Amino acid sequence: MNSHRSAMDEVRMAAKLADLKDEHYRNTLALSTLIELLIDKGIVTREEVERKAAELDSFMAHLPYPKV
């Protein structure tokens, strides 16, 4: 197996990364929109969202299994 990447492989990788960046933006926008709508409709408060986000972030920071 050749360990050197061709210029075309590099271009393909850059294109995939650009696609992922665009998809990440769209997902973030969709989530932000949903959160704002839930807050605007009085279904949840901003404080509840912030508390839950901190709780989940804390959980993810202390994963119960070793990182590889």
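Fair warning: this is a prediction, and the values are worked out from it, not measured in the lab. All heavy atoms count here, side chains included; hydrogens, waters and symmetry mates do not.
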Residues sharing Leu34's hydrophobic cluster, by side-chain heavy-atom contacts under 4.5 Å among ILVMFWY, directly or via others?
none

Transitive ILVMFWY cluster of Tyr25 at side-chain heavy atoms under 4.5 Å: who else is in it?
Leu29

Members besides Leu38 in its Ile/Leu/Val/Met/Phe/Trp/Tyr cluster (side-chain heavy atoms under 4.5 Å):
Ile35, Ile39, Ile43, Val44, Val49

At what distance, to the nearest 0.5 angstrom, does CG of Asp22 lie from CG of Leu17?
12.5 Å

Arg12: partners by side chain to side chain donor-acceptor pair (under 3.5 Å), with sequence neighbours left out
Asp9

To which residues is Val11 joined in a hydrophobic cluster, defined by side-chain heavy-atom contacts under 4.5 Å among Ile, Leu, Val, Met, Phe, Trp and Tyr, whether direct or through other members?
Met8

I'd like to know if Arg46 pairs up with Glu36 as an ion pair, taking the criterion as any Lys NZ or Arg NE/NH1/NH2 lying under 4.0 Å from an Asp or Glu carboxylate oxygen.
yes

Whether the side chain of Glu48 engages the backbone of Thr45 through a donor-acceptor N/O pair (distance < 3.5 Å, no angle test) should be reported.
yes

Listed by chain and number, what are the side chain to side chain donor-acceptor pair (under 3.5 Å) partners of Glu23, not counting sequence neighbours?
none

